Visitor: 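Structure provided below as structure tokens; questions to follow.
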Amino acid sequence: MPKEQAEFEAGMQAHVERGEKGVKTSWDEVNLPMVRHWVQAMDDNNPVYTDAEFAAGTRHGGLVAPPTMLQAWTMKGVKDQAPGSSTTDPMADVFDALTEAGYPAVVATNCEQTYLRYVKPGEKLHHTYRLESISGEKKTGLGIGYFITQLMEYFTEDEEKVAEMRFTILRYKPAQREPKRPPRARPGMTRDTEFFWQGLHEDNKLLIQRCLSCGQLRHPPAPMCPHCQSLQHDTVEASGKATLYSHVTMHHPPLPAFEYPNTIALVELEEGTRLLAGLIDIDRDELEIGMPLQLEIVRCDDELSVPMFRRAS
Ligand code: ZN
């Protein structure tokens, strides 16, 4: 572990050991109107929370508040903490240190509440909070970080403890996720065109179809010569020298397999046939019709290689 990180962790452990506490008080006593709103929102129909006559006949001897309402009693208002709450947060320097050390992101990971007894309307609660523990540096799916557990202890006005809560968060460095580019769509491959794709991928050659009867070259591949209608053909390998015949820049729809702006060139090979191909390292505004280009066969993945062109040196 780097010295700096060891010091940082020691600083946080010292904070745990100091056990510095903050206090949060409540605006109101435990009260029936808030309970009524809560049980209706939660659809909890236990009459011990709202029916005084029923509650009087239970072991509680009167109304009690739902235990899981615990956090509601000392929750800060929309604007302010209740009077008597700590004005400075003893946890703030820990959180600031984590941000400074490069762990700015936060996610709550666990909340565990323990109820020691029911609280009743009329009781006024406050809770203390402190840093209880901090983990070593952990690797998580979200990123590398520290699990930090705060302990909140809830008391009545005469300091009887009624509940506690452990709240754990992860402070982490968001993992840098490289967006994974999906593979290019496969070209339509038939028995007439497979020589072209195989030549690129397996032999690193750009092949041009040639009529065996009249010698004309043709692209795209086709079974019959458009000049003499012969069905006999073989191939010749292109030299790779070419010029830019025309170009177009694709904007929509954006396909995730390609980088944008996606300029597609119509390239005229030295041998005279033309083909569509992508360009490498040429900005759109540098393109000039007739500019000399050089073939580069680019391996896209384990199955596919495509012809591309860069500026001829
Ligand atoms: Zn022919």
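On a predicted model such as this, the values are computed, not experimentally measured, just so you know. Every number for a ligand or one of its atoms is a count from 1 in the order of the listing. Only this structure's heavy atoms are used, side chains among them; waters, hydrogens and symmetry mates stay out.
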Visitor: Between the Zn ion (ligand 1) and Cys211, is there an N, O or S atom separated by less than 2.8 Å?
Guide: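 Yes, since at least one N, O or S atom of Cys211 sits under 2.8 Å from the Zn ion (ligand 1).
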Visitor: Could you tell me whether Arg186 and Asp301 make a salt bridge, using a distance below 4.0 angstrom between a side-chain N and a carboxylate O?
Guide: yes
Visitor: Looking at the Zn ion (ligand 1), is one of the N, O or S atoms of Cys214 less than 2.8 Å from it?
Guide: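 Coordinating: yes.
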Visitor: Can you tell me, to 10 degrees, how wide the angle at the Zn ion (ligand 1) is between SG on Cys225 and SG on Cys228?
Guide: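 Between SG of Cys225 and SG of Cys228, the angle at the Zn ion (ligand 1) is about 110°.
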Visitor: Using a distance-only test with no angle check, is there a side-chain donor-acceptor pair under 3.5 angstrom linking Thr263 and Thr249?
Guide: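 Looking only at side-chain atoms, Thr249 and Thr263 do form a donor-acceptor pair, the distance falling under 3.5 Å.
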Visitor: Atom CD1 of Ile169 and atom OG1 of Thr109: how far apart are they, to the nearest 0.5 Å?
Guide: 8.0 Å
Visitor: Closest heavy-atom contact between Pro90 and Gly22?
Guide: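 Distance-wise, the nearest heavy atoms are CG-N, 3.4 Å.
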